[in-house]
Amino acid sequence: MAESRQFTEERVWQILHQIPKGQIATYGQIAKLAGIPRHSRLIGQILSGLPPDTKLPWHRVINSQGRITNPAKDRQQLRLEEEGVTLINGRVSLKVYGWDAS
DNA sequence: TGTTTGACGGACA
DNA sequence: CTGTCCGCCAAAC
């Protein structure tokens with residue numbers, strides 16, 4: 001039986017929870033870790049469904065270019081800088097903060 | 001069942 | 001560096 005959407009969501013949530021503080025993951029990276037390569041857009045859709053008061057570190061997810069594409073980019077940037085991730089010209093250095101998934 | 005949408009990714013000018 | 005274009009694909013419509 002194909003994986004229901006909820007099953008995928010749960011895996012994504014778990015992965016999200018594993019991103020170390022002060023580090024960053026990309027949508028494509030998460031999709032891959034969740035076992036669904038090329039579904040980066042689905043990750044975004046799932047994140048958009050998170051409750052605004054979630055404890056999950058949704059702010060540690062940006063696109064492959066180190067750029068924030070989240071509608072609430074201001075809040076995301078604020079949260080990132082609060083944990084030591086500095087944006088330079090609206091960009092995050094994946095070289096420096098990129099999460100090297102195990 | 002066909003079409004549109006989108007918190008993406010990568011190639012290219 | 002920026003803007004554009006195209007491939008991808010589940011969800012929403």
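Reminder, nothing fancy here: chain letters follow the sequence lines and each chain counts from 1. Keep in mind it's a predicted model, so treat the numbers as computed, not measured.
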Decide whether A/L47 and A/L42 are clustered together by the hydrophobic rule: side chain heavy atoms of Ile, Leu, Val, Met, Phe, Trp, Tyr closer than 4.5 Å, transitively. yes

A/H17 side chain to A/I15 backbone, donor-acceptor under 3.5 Å: no

Can you establish whether the number of heavy atoms outside A/N89 located under 6.0 Å from its atom CG is more than 12? no

Check nucleotides 10-13 of chain B against the protein and report each pair of N or O atoms closer than 3.5 Å, with its distance, or say if there are none.
from   : atom 1 : to    : atom 2 : distance (Å)
B/dG10 : OP2    : A/S64 : OG     : 3.4

Pair A/H59, A/E83 - check side chain to side chain donor-acceptor pair (under 3.5 Å), show working. CA-CA 11 Å; A/H59 53 280; A/E83 44 184 77; 3.0 Å; yes

Calculate, to the nearest 0.5 Å, the distance between atoms OG1 and CD1 belonging to A/T26 and A/I43 respectively. 9.5 Å

For nucleotides 3-7 of chain B, tabulate all protein N/O to nucleotide N/O atom pairs closer than 3.5 Å, reporting atom names and distance.
from  : atom 1 : to    : atom 2 : distance (Å)
B/dG6 : N3     : A/R41 : NE     : 3.2
B/dA7 : O4'    : A/T69 : O      : 2.9
B/dA7 : O3'    : A/T69 : OG1    : 3.4
B/dA7 : N6     : A/L47 : O      : 3.2
B/dA7 : N1     : A/N70 : ND2    : 2.9
B/dA7 : N3     : A/Y27 : OH     : 2.9

Where do A/L50 and A/L16 land on the side-chain contact (heavy atoms from CB on, under 4.5 Å) test, with the steps shown first? CA-CA 12 Å; A/L50 289 173; A/L16 252 189; 4.2 Å; yes

Atom CZ in A/R67, atom CD1 in A/I62: separation rounded to 0.5 Å? 11.0 Å

DNA chain C-proximal residues of residues 80-93 of chain A, any heavy atom under 4.0 Å: A/R91

Identify the 5'-most and 3'-most nucleotides of DNA chain C with at least one atom closer than 4.0 Å to a non-hydrogen atom of chain A. C/dC1 to C/dA12

Side chain to side chain donor-acceptor pair (under 3.5 Å) partners of A/E9, counting only residues at least two apart: A/R5

For A/Q76 and A/V61, indicate whether the former's side chain and the latter's backbone hold a donor-acceptor pair under 3.5 Å. yes

Minimum heavy-atom distance between A/R79 and A/W58, given as atom pair plus value: NH1-NE1, 3.7 Å

Just to verify, what does A/R11 make a side chain to side chain donor-acceptor pair (under 3.5 Å) with, not counting sequence neighbours? A/E3

Show, in sequence, the C-alpha distance, side-chain angles and deciding distance for A/W13 and A/T8, and conclude whether the side-chain contact (heavy atoms from CB on, under 4.5 Å) test is met. CA-CA 9 Å; A/W13 295 336; A/T8 300; over 6 Å; no

